[in-house]
Amino acid sequence: MKRIQVRCDEHIGTISLDHPEKRNALSEDMVGEIIAALRDLAAEGCRAVVLRAAPGAKVFSAGHDVAELPEGRRDPLGWDDPLRHLVRAIEQHGAPVIAMVEGGVWGGACEVVLACDLIIAADNATFALTPAKLGVPYNVSGMLTFLNTAPLHIVKELTFTAQPIDAVRAERIGIVNRVVPTAELEATTLALAQTIAANAPLAISVMKEQLRILAGAHPMSPQGFERVQGLRRLVYDSADYREGIRAFKEKRRPMFEGR
Ligand code: YXS
């Protein structure tokens, strides 16, 4: 079953998340389809790609498919997790990927959107970083995605509260490029994509890769990395992590005990 729609018109590709039954949760299957679509659009010579949900979506994406998260004893966001593959595929895609956002963006879907090169949001868009709500130890490169997008105090507010922020605040912080009325979202995004597609694709592709390398150039000692990984293991081996996943599946509020 296809969970996305893909098209390419005059050098501009569009990938539409289209699995409303599961609120576009980023399952391994959906991520695989998106990555394959990015590859196909590159082969077709698309000079910009728009990543969107189906028109009128109340939820852009509900984030990582919780049903696919391990229930402890294994890093839930390791290198080979589908969400990590998707973030890297967007960051390494040769052409700019523009997130065209309407509705709610949750959890790992926020990182996917923030990993895009530009973000155009409808005025009904919201963004919620949810690791603390589920008890998940977000991973190092994911936290760097957030830190490269928002000031430290804002990243702490978003990750510690797990509460959504609206598009106007996201624009004021600088998380999104533009906020427009929903009715203007497609036209605004298309105009931006056409402007980019009319410029030199090689120069843009190289500048995108330069910026990726520079944005990721953060020294972290081997000891520092090992400490972080050890701390993260304490979390994903904790009763709280198992409780967060179980509470989500049982559709109830989690009771965290700090162990
Ligand atoms: O019960 P059925 O089978 O109809 O399925 C329901 C939900 O279980 C399912 N669904 C999901 N399935 C897997 N993973 C998800 N993330 C997920 N979200 C939803 O979709 C069906 C409809 O959901 P329902 O009834 O709640 O829809 P709604 O319209 O009332 O509410 C929409 C949402 C998005 C507000 C609500 O579904 C929701 O709060 N979803 C979870 C958002 C969230 O916390 N996402 C974070 C996932 S974990 C993650 O991304 C990272 C690991 S982390 O947390 O670290 O950032």
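Counting starts at 1 for both ligands and their atoms, following the listed order.
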Under a 4.0 Å N-O cut-off, is there an ion pair linking [X] with [Y]?
| X | Y | value |
| --- | --- | --- |
| Lys208 | Asp117 | yes |
| Lys58 | Glu102 | no |
| Arg233 | Asp75 | no |
| Asp9 | Arg7 | yes |
| Arg3 | Glu33 | yes |

Look at atom [atom1] of [X] and say whether more than 12 heavy atoms of other residues, nucleotides or ligands are closer to it than 6.0 Å.
| X | atom1 | result |
| --- | --- | --- |
| Gln223 | CD | no |
| His153 | NE2 | no |
| Glu71 | CD | yes |
| Arg84 | CZ | yes |

Report, in ascending order of atom number, the atoms of ligand 1 lying under 4.0 Å from any heavy atom of [X].
| X | result |
| --- | --- |
| Gly63 | 50 (O) |
| Lys133 | 44 (O) |
| Gly107 | 50 (O), 56 (O) |
| Gly108 | 49 (C), 50 (O), 51 (C), 56 (O) |
| Phe248 | 11 (C), 15 (C), 17 (C), 18 (N), 41 (C) |

What protein heavy atom is closest to [atom], reported as residue, atom name and distance in Å?
| atom | result |
| --- | --- |
| atom 1 (O) of ligand 1 | Lys251 NZ, 2.9 Å |
| atom 13 (C) of ligand 1 | Asp65 OD1, 3.3 Å |
| atom 21 (C) of ligand 1 | Glu21 O, 3.3 Å |
| atom 23 (O) of ligand 1 | Arg23 CG, 4.0 Å |

Min N/O separation [X] to ligand 1 under 3.5 Å:
| X | result |
| --- | --- |
| Leu134 | no |
| Trp106 | no |
| Ala62 | yes |

[atom] touched by protein heavy atom at under 4.0 Å:
| atom | answer |
| --- | --- |
| atom 38 (C) of ligand 1 | no |
| atom 17 (C) of ligand 1 | yes |
| atom 30 (O) of ligand 1 | no |
| atom 44 (O) of ligand 1 | yes |

ask   = Counting heavy atoms only, which part of Val136 comes closer than 4.0 Å to ligand 1: side chain, backbone, both or neither?
value =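 The side chain, only.
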ask   = ligand 1 versus Glu111, non-hydrogen atoms closer than 4.0 Å: side chain, backbone, both, neither?
value =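 None of Glu111 does.
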query = Who are the side chain to side chain donor-acceptor pair (under 3.5 Å) partners of Arg172, not counting sequence neighbours?
reply =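 Once residues adjacent in sequence are excluded, Arg172 has no partner under the side chain to side chain donor-acceptor pair (under 3.5 Å) criterion.
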ask   = Looking at Leu69, Val112, Val31, which hits side chain to side chain contact (heavy atoms under 4.5 Å, CB included) with Leu83?
value =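 Among Leu69, Val112, Val31, the one meeting side chain to side chain contact (heavy atoms under 4.5 Å, CB included) with Leu83 is Val112.
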request  = Only heavy atoms count here, so choose which of Lys58, Lys22, His64 is nearest to atom 15 (C) of ligand 1.
outcome  =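 When every heavy atom of Lys58, Lys22, His64 is considered, His64 comes closest to atom 15 (C) of ligand 1.
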request  = Only heavy atoms count here, so choose which of Val66, Leu26, Thr130, Val59 is nearest to atom 56 (O) of ligand 1.
outcome  =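 Nearest heavy atom to atom 56 (O) of ligand 1 lies in Thr130.
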key: Single hit among Lys249, Arg259, Arg252 for salt bridge (Lys or Arg N to Asp or Glu O under 4.0 Å) with Glu243   =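 Exactly one option meets the salt bridge (Lys or Arg N to Asp or Glu O under 4.0 Å) with Glu243, and it is Arg252.
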